[in-house]
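One structure is given here, and the rest of the page talks about it.
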Number of protein chains: 2
Amino acid sequence: MKDHSTPTVTTGPLSASRKTHVVGQMHDIRVPMREIAVTGEPPLTVYDSSGPYTDPEARIDIARGLPRWRGAWLRQRGEVEECDPRPVAPADNGFAEGARLAPAFPVAHRPLRAAKGAVTQLAYARAGIITPEMEFVAIRENERRTAAHARDGEAFGAEIPDLVTPEFVRQEIAAGRAIIPANINHPELEPMIIGRNFKVKVNANIGNSAVTSGMAEEVEKMVWAIRWGADTVMDLSTGRNIHNIREWIIRNSPVPIGTVPMYQALEKVGGVAEALTWEIFRDTLIEQAEQGVDYFTIHAGLRLHMIPMTAKRVTGIVSRGGSIIAKWCLHHHRESFLYEHFDEICDIARAYDVSFSLGDGLRPGSIADANDEAQFAELRTLGKLTKIAWDKDCQVMIEGPGHVPMHKIKANVEEQLKHCHEAPFYTLGPLTTDIAPGYDHITSAIGAAMIGWFGTAMLCYVTPKEHLGLPDRDDVKTGVITYKLAAHAADLAKGHSGAQIRDDALSRARFEFRWEDQFNLGLDPDTAREMHDETMPKEAHKLAHFCSMCGPKFCSMKISHDIRAEADRQQGMEEMAEKYRDGGDLYIPAQEPAE
Amino acid sequence: MKDHSTPTVTTGPLSASRKTHVVGQMHDIRVPMREIAVTGEPPLTVYDSSGPYTDPEARIDIARGLPRWRGAWLRQRGEVEECDPRPVAPADNGFAEGARLAPAFPVAHRPLRAAKGAVTQLAYARAGIITPEMEFVAIRENERRTAAHARDGEAFGAEIPDLVTPEFVRQEIAAGRAIIPANINHPELEPMIIGRNFKVKVNANIGNSAVTSGMAEEVEKMVWAIRWGADTVMDLSTGRNIHNIREWIIRNSPVPIGTVPMYQALEKVGGVAEALTWEIFRDTLIEQAEQGVDYFTIHAGLRLHMIPMTAKRVTGIVSRGGSIIAKWCLHHHRESFLYEHFDEICDIARAYDVSFSLGDGLRPGSIADANDEAQFAELRTLGKLTKIAWDKDCQVMIEGPGHVPMHKIKANVEEQLKHCHEAPFYTLGPLTTDIAPGYDHITSAIGAAMIGWFGTAMLCYVTPKEHLGLPDRDDVKTGVITYKLAAHAADLAKGHSGAQIRDDALSRARFEFRWEDQFNLGLDPDTAREMHDETMPKEAHKLAHFCSMCGPKFCSMKISHDIRAEADRQQGMEEMAEKYRDGGDLYIPAQEPAE
């Protein structure tokens, strides 16, 4: 495995940025932040999902994995026990053999599980205990802010504090309004929180396609997505080597990893949906829980009687998980094993603290199918399952659509809040029109920004390749940046404390022609700089008090500065304002209309 | 000029499309439409802004210009007279000489002007006359629909008819709620309408940079923008050759051309704002009106007493026109000549039917400055100017921001409707965050879709290069497509009659694996096809009942079809639905929660 010891993933800080850490007060934790240097102003601290990969002082070796800092606390409390790992079976990797079998991760770790009962963040929150993870996310959300900032958003019932305290985090988790996806077998994690009283988060989907000799490129997809801001990553791999690829990803991931266990289960039965059994599915859950998957998408809300509701849809069932379950239900003429065994699924999840992302198997796949009977019937069932999961101390979020025209978006959040008891909402877009294949990151960013504003806690990205093909590296970056800007637009509109600080810093840089600052404070400094340099490549132009759009004579910002200077020279803007206000009639022309 | 006779602009139909025409009932008009061929379904007719360039039967020669079909009607009525053109002065082209002087358009036309009074669409509408332009846009808006379609949007007070009649168009124009920008000296025009009871429109900005030997590339920018759906084009040229370039553009443009006359006036005084005079500006208006400019942006609402209101802004004055006027006002300590001479400006506009786009010189340039005192003070003044213009029978629309967070967008439309008496609103974006330079087509598409939904009639596009550089050909296309999808999302949400027909057609194609139809029905068939072919290039794959994302085994749509087939074979979905509903308790598992 020696070839893996040389890091082949993207490392190094973002432009003008350096990694800093804030230490915990209650626990031995170091919370990473990104500091962006700004000319003539203090550095701006921003949320940092990128992990150790952007820290020049971190030693990256993907064949060893990231440092395993979590877990000591649980061990000290005697709440967990090591167990013998479930043996890896040939089916786990799609029966790949020989050269087609991806290498196993070089370092083996014995899995942990609860010694008894639940080891979930929800269980601890309910017991009044502030875990290291809770303190971690509290510090993280504050981005080094220490005071309230002016804000004027409309939060639609969300109650966003000026500053997040560990106790606030605990309360939100105890109430089920937020989750920290953090499997006890993922000690490499830098915890994050998903809830509508926190910053809106973004998920990026990755997944293997062809078999690769080294695993570096699989890890690189994850590293690349978090570099640009993905808060969680879902591994939607299909085909061969699912088990081994996932191990490489988790051992190197500082963000929560989500999966749809049904995908791997289906591989184990050769892709024949009706051949699936509870036993195979259960075994897959344990396999993945032991590896450290932080959240499972479970399509347990799709019940048999809902399937005919999709018969007259324009696009039927578009969720892969949903269609697999629907086929199984129809074939066997019974409720799915996900629904029938949901309490047992909870028992597995609580032993490892795997969070649930209750899947919307009947989400609409077109404008025509939005907010229909099938979609909302399933949503109400997800609300019932939420209660069952909460009774077992399991953390829950709820998946949402999909394709929804703008005027039907708000109803989705209202129905979800009502029927799912304020469990966090996690939506895919939604796309606000069907007519722009190739641009669905944009059709969906419109819906994502709006639904985030209304109360959705996490947005699953959509790339330009949606409906057309597998996203490549550029598509992943475009998808993540697009969703980061949508999530930020939502934070601004919700009046999230401090959200506007970055907008203001960038706008000041823009107004003062600090080009480098303008690039560095943006979500994608590299692209902004490249675009600027296409027309004004010279270094001197980075200091120019104008840009290529208008040139020096026409620059409105430059004129605006001249105006201020002139006004200051004359008598000060304030006085002038008074004078003009009082003496305004001096200048009223003949055609002045009546007030 | 022989080298211009070979067309060098982009011609030919869009993928699977052909040009058709609908003839008028009242006037001798032929309204262009685009028909998209669909497999197994009737062709879909869509709005077509692309002009004769996409008609294989049209003979394109940009040195001759497009056919001049308009004008006969006005001449027959004796309402217009030919006049000697204002002589072209060296200053009109920025004193360009010799090789630096762009060639004049080869064909001279004598300008028309009103024989007396107003020849505006508003004057005729008020007189109860349905013009050829009114009938043209009525037919155009209907896209061959002949019956009402189910729709369920929220229109916020807009009153969108099932079908547009010429009389409805006349009423909307007479009420000032809509405009048809159609200078009598632009007889090449295919008229379009801007108003909130019609389809939301999109404007693309172009403008020359360097001097070019032939003018084909300037014309090509316009042709390229309308090919992808731009409904109007603003020529924001600065520097030399403004006059000659504009002539080439207008003579070849089937869409309304807008300008900011202040830009050219400023060139005439060497870029020194304070040197501007009413006489120079007036002369520039006549120059451009005689050429056929369809709408003028006039920043007459920026009054002296408002300038100090911008002093504490983060980004001051960001409108170029606004900053020029502000500088002039401050220097001369008086109201601008635009404001003082607004009635004379109206007299010029009414003689040619140049519509006004009353400019928002104080629009916010950052999230921090949105909806501030300066912005709304100017907006109220624009409302007063609207009344003055209407008294002169001039058509008016109102420009709006800019940079606005989502929660402050609706107030912009509400204030505009209230203070500007329902004159059509025309906004730039707005951008919903400042932190994504390089992605501002997306930050602004979010705001544009929302403000379009709330009632904005036309959206001015923003390209990825906003704030960074001059858009190239790819940027123009990306900007136009992005804004077309935002405008369409707005039409859907408003419940615009028939808007969903295209979404449904595309979604049916998607569900039935008709890949070519899916590409062709989208806004950008070429990009969709390219993206698909990156992973599945073979022709046979275009017929495949799955795609590259999941492969055949995992395809949810395929499974959905299997489900339908299975259900049909068994007993029919309807019966099954009944059975499951009645017998649902058969399958209720042990942990079924109480209702």
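What you see below is based on every heavy atom in this structure, not just the backbone, and it leaves out hydrogens, waters and symmetry mates. We name chains A, B, ... by the order of the sequence lines, and we start the count at 1 in each one.
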Is it the backbone or the side chain of [X] that comes under 4.5 Å from a heavy atom of chain A, or both, or neither?
X        : result
B/Gln518 : both
B/Pro525 : neither
B/Ser319 : backbone
B/Asn371 : neither
B/Leu506 : side chain
B/Asp152 : both
B/Gln500 : side chain

Problem set entry | Rounded distance (nearest 0.5 Å) linking atom CZ of A/Arg502 with atom CG of A/Asp491 | 11.5 Å

Problem set entry | Distance, nearest 0.5 Å, that separates OG of A/Ser323 from CD1 of A/Ile307 | 10.5 Å

Name the member of [options] that forms the most heavy-atom pairs with chain A at distances under 4.5 Å.
options                                : result
B/Leu431, B/Asp369, B/Val314           : B/Val314
B/Thr432, B/Leu236, B/Ile409           : B/Thr432
B/Asp475, B/Asp503, B/Asp472, B/Asp524 : B/Asp503
B/Ala493, B/Gly438, B/Ala489           : B/Ala493

Problem set entry | Residue pair B/Ile481, B/Thr527: steps toward the side chain to side chain contact (heavy atoms under 4.5 Å, CB included) verdict | CA-CA 11 Å; B/Ile481 301 273; B/Thr527 296; over 6 Å; no

For this session: Look at A/Arg508, A/Lys387, A/Met450, A/Glu154 and state which one has the largest set of heavy-atom pairs under 4.5 Å with chain B.
Result: A/Met450

Seminar exercise, completed: Counting heavy-atom pairs under 4.5 angstrom with chain B, the leader among A/Ala326, A/Pro405, A/Gly522, A/Pro437 is A/Pro437

So for [X], is it side chain, backbone, both, or neither that comes closer than 4.5 Å to the heavy atoms of chain B?
X        : value
A/Ile435 : both
A/Lys408 : side chain
A/Asp526 : neither

Exercise. Under 3.5 Å, is there a donor-acceptor pair between the side chain of A/Thr310 and the main chain of A/Arg313?
Worked result: no

Exercise. Would you say B/Ile446 and B/Met406 make side-chain contact, with heavy atoms under 4.5 Å?
Worked result: yes

Considering all heavy atoms, the nearest [X]-[Y] contact:
X        : Y        : value
B/Leu485 : A/Ala436 : CD2-CB, 4.0 Å
A/Phe519 : B/Leu468 : CE2-CD2, 3.9 Å
B/Ile367 : B/Asp434 : N-OD2, 3.0 Å
B/Gly322 : B/Ile317 : C-CG2, 3.8 Å
B/Trp453 : B/Lys494 : O-CG, 3.4 Å

